[in-house]
Amino acid sequence: MNLYTCAFTGHRPKSFPWGYDERASGCVLLKEVLAAQISSLAEQGVMDWLSGMALGVDLWCAQIVLDLRKNNPALKLHAILPCEGQEDKWPASAQTLYRSILGQADEAIYVNREYSVNCMLERNRYMVEHSSILLAVYNGAYRSGTGMTVRYAQKLGREIIVIDPITRAFKSE
């Protein structure tokens with residue numbers, strides 16, 4: 001575990017009131033809060049960032065890190081992938097964004113080469129195990145990958161920053 005590493009977790013677009021409309025005010029404001037939080041953590045010395053590269057929060061956060069890296073080349077983006085072809089069934093525009101971010105990442109780690117029922121869970125556990133901070137966009141849904149990831153980080157005693165996707169209020173645990 002690196003003391004200066006932060007992993008991201010959060011819901012897919014379908015879980016948000018605005019769905020896939022990233023121009024919606026709620027989405028724009030959430031991304032602004034994420035950018036401010038990531039920038040603040042970078043100023044506090046967090047240099048390594050782990051993204052599971054899923055649609056929604058993971059890709060938004062990865063893009064924010066890449067944007068910040070333009071002015072702070074010490075920042076490193078690590079793409080932690082559940083399996084090859086994670087993006088294959090996504091819309092073309094999402095696949096293009098995914099591949100662009102992946103091409104700019106400092107490294108790509110495949111937790112599994114092939115899809116399996118548990119590959120997403122294994123990816124999430126890997127990210128928590130290799131970070132000291134978890135930045136979670138979490139609506140409190142117990143039965144979700146994000147919920148499982150937050151609980152695993154709690155179990156391992158990680159610092160957790162939770163941002164409510166609707167109110168954009170955040171709390172540290």
Linking I/L/V/M/F/W/Y whenever their side-chain heavy atoms sit closer than 4.5 Å, directly or via other members, would Met47 and Met127 fall into one cluster?
no
Discussion item. If you define the side chain from C-beta out and look only at heavy atoms, does anything of Leu77 sit under 4.5 Å from Ile101?
Written reply: yes
Those residues at least two apart in sequence (or on a different chain) that pass side-chain contact (heavy atoms from CB on, under 4.5 Å) with Glu107 are His78, Ile109
Contacts of Tyr126 meeting ring-ring contact (aromatic ring centres under 6.0 Å, His included) (sequence neighbours excluded), chain-then-number -> His130
So the ring pair (Phe, Tyr, Trp, His ring centres under 6.0 Å) pairs with at least one residue in residues 31-65 (sequence neighbours excluded) are Phe8-Trp49, Phe16-Trp60
Value for CZ (Arg113) from CG (Leu81), rounded to nearest 0.5 Å, stands at 9.0 Å
Q.
Ring of Tyr152, cation from Arg158 - is the NZ or CZ under 6.0 Å from the centre and inside 45° of the axis?
A. no
Self-check item: Heavy-atom side-chain proximity of Val111 to Pro82 below 4.5 angstrom
Solution: no
Scanning both residues in full, the closest heavy-atom pair of Arg168 with Ile166 reads NH1-O, 2.9 Å
Notebook entry, point to check: Does some side-chain heavy atom of Tyr115 sit less than 4.5 Å from a side-chain heavy atom of Glu84?
Noted result: no
Residues Gly52 and Gln86: closest non-hydrogen pair is O-NE2, 3.4 Å
For Thr146, the side chain to side chain donor-acceptor pair (under 3.5 Å) test, sequence neighbours excluded, returns none
Just list the side-chain donor-acceptor pairs under 3.5 Å for residues 31-43, sequence neighbours left out, or say none.
unit_1, atom_1, unit_2, atom_2, d
Lys31, NZ, Glu22, OE1, 2.4
Ser40, OG, Gln44, NE2, 3.0

Under the 3.5 angstrom rule, does the side chain of Thr96 hit a backbone N or O of Ala92 as a donor-acceptor pair? yes
When you compare the side chain of His11 with that of Val57, does any pair of heavy atoms fall below 4.5 Å?
no
In terms of heavy-atom contacts, Gly26 and Trp18 come closest through C-CZ3, 3.6 Å
Here the gap from Tyr20 atom OH to Ser93 atom OG, rounded to the nearest 0.5 Å, amounts to 10.5 Å
Sorted by chain and number, sequence neighbours left out, side-chain contact (heavy atoms from CB on, under 4.5 Å) with Lys171 holds for Val162, Glu173
Scanning both residues in full, the closest heavy-atom pair of Lys76 with Asp48 reads CB-OD1, 3.3 Å
Inset, instruction - Given side chain to side chain contact (heavy atoms under 4.5 Å, CB included), test Leu97 with Gln63 step by step and report yes or no. - result: CA-CA 9 Å; Leu97 175 63; Gln63 186 63 61; 3.8 Å; yes
From the list Leu66, Asn72, Val65, Ile64, side chain to side chain contact (heavy atoms under 4.5 Å, CB included) with Leu68 holds only for Ile64
Query raised in the report: Hey, are Arg69 and Gln104 close enough side-chain-wise for a donor-acceptor pair under 3.5 Å?
Result: no
Taking Leu75 as the starting point, is it possible to reach Ile161 by hopping between hydrophobic residues whose side chains are less than 4.5 Å apart? yes
Item checked: same_hphob_cluster(Val137, Met120) at 4.5 Å side-chain heavy-atom cutoff -> no
Distance col, row Cys83:SG vs Arg123:CZ, nearest 0.5 angstrom, shows 8.5 Å
To the nearest 0.5 Å, atom CE of Met148 lies from atom CZ of Arg125 at 6.5 Å
Discussion item. Starting from Tyr110, can I reach Leu55 by hopping between I/L/V/M/F/W/Y residues whose side chains sit under 4.5 Å apart?
Written reply: yes
Rounded to the nearest 0.5 angstrom, the CG-CE distance for Leu102 and Met53 is 5.0 Å
* For the side chain of Thr9 and the backbone of Thr149, is there at least one donor-acceptor N/O pair under 3.5 Å apart? -> no
Dump the intermediate steps for side chain to side chain contact (heavy atoms under 4.5 Å, CB included) on Leu59 and Tyr98, then the final yes or no. CA-CA 7 Å; Leu59 289 180; Tyr98 173 90; 4.2 Å; yes
I would like to know whether Gln95 and Arg99 meet side-chain hydrogen bond (donor to acceptor under 3.5 Å, both in side chains); could you show each step before the answer? CA-CA 6 Å; Gln95 288 186 36; Arg99 292 180 182 132; 3.1 Å; yes
> Would you find a donor on one side and an acceptor on the other, under 3.5 Å apart, between the side chain of Ser51 and the backbone of Asp58?
Replying inline: yes
Closest non-hydrogen contact found for Gly145 with Asn124 is O-ND2, 4.0 Å
Nearest heavy-atom contact between Leu135 and Cys6 is CB-SG, 3.8 Å
Output for pair (Leu134 CG, Gln154 CD), nearest 0.5 Å, gives 9.5 Å
Q. Does Ala141 offer a backbone N or O that forms a donor-acceptor pair with the side chain of Tyr138 under 3.5 Å?
A. yes
- Check whether any side-chain N or O of Arg12 sits under 3.5 Å from a backbone N or O of Gly10 as a donor-acceptor pair, and report yes or no. yes
Answer yes if Leu121 and Val128 sit in the same cluster of Ile, Leu, Val, Met, Phe, Trp and Tyr residues linked by side chain heavy atoms under 4.5 Å apart, and no otherwise.
no
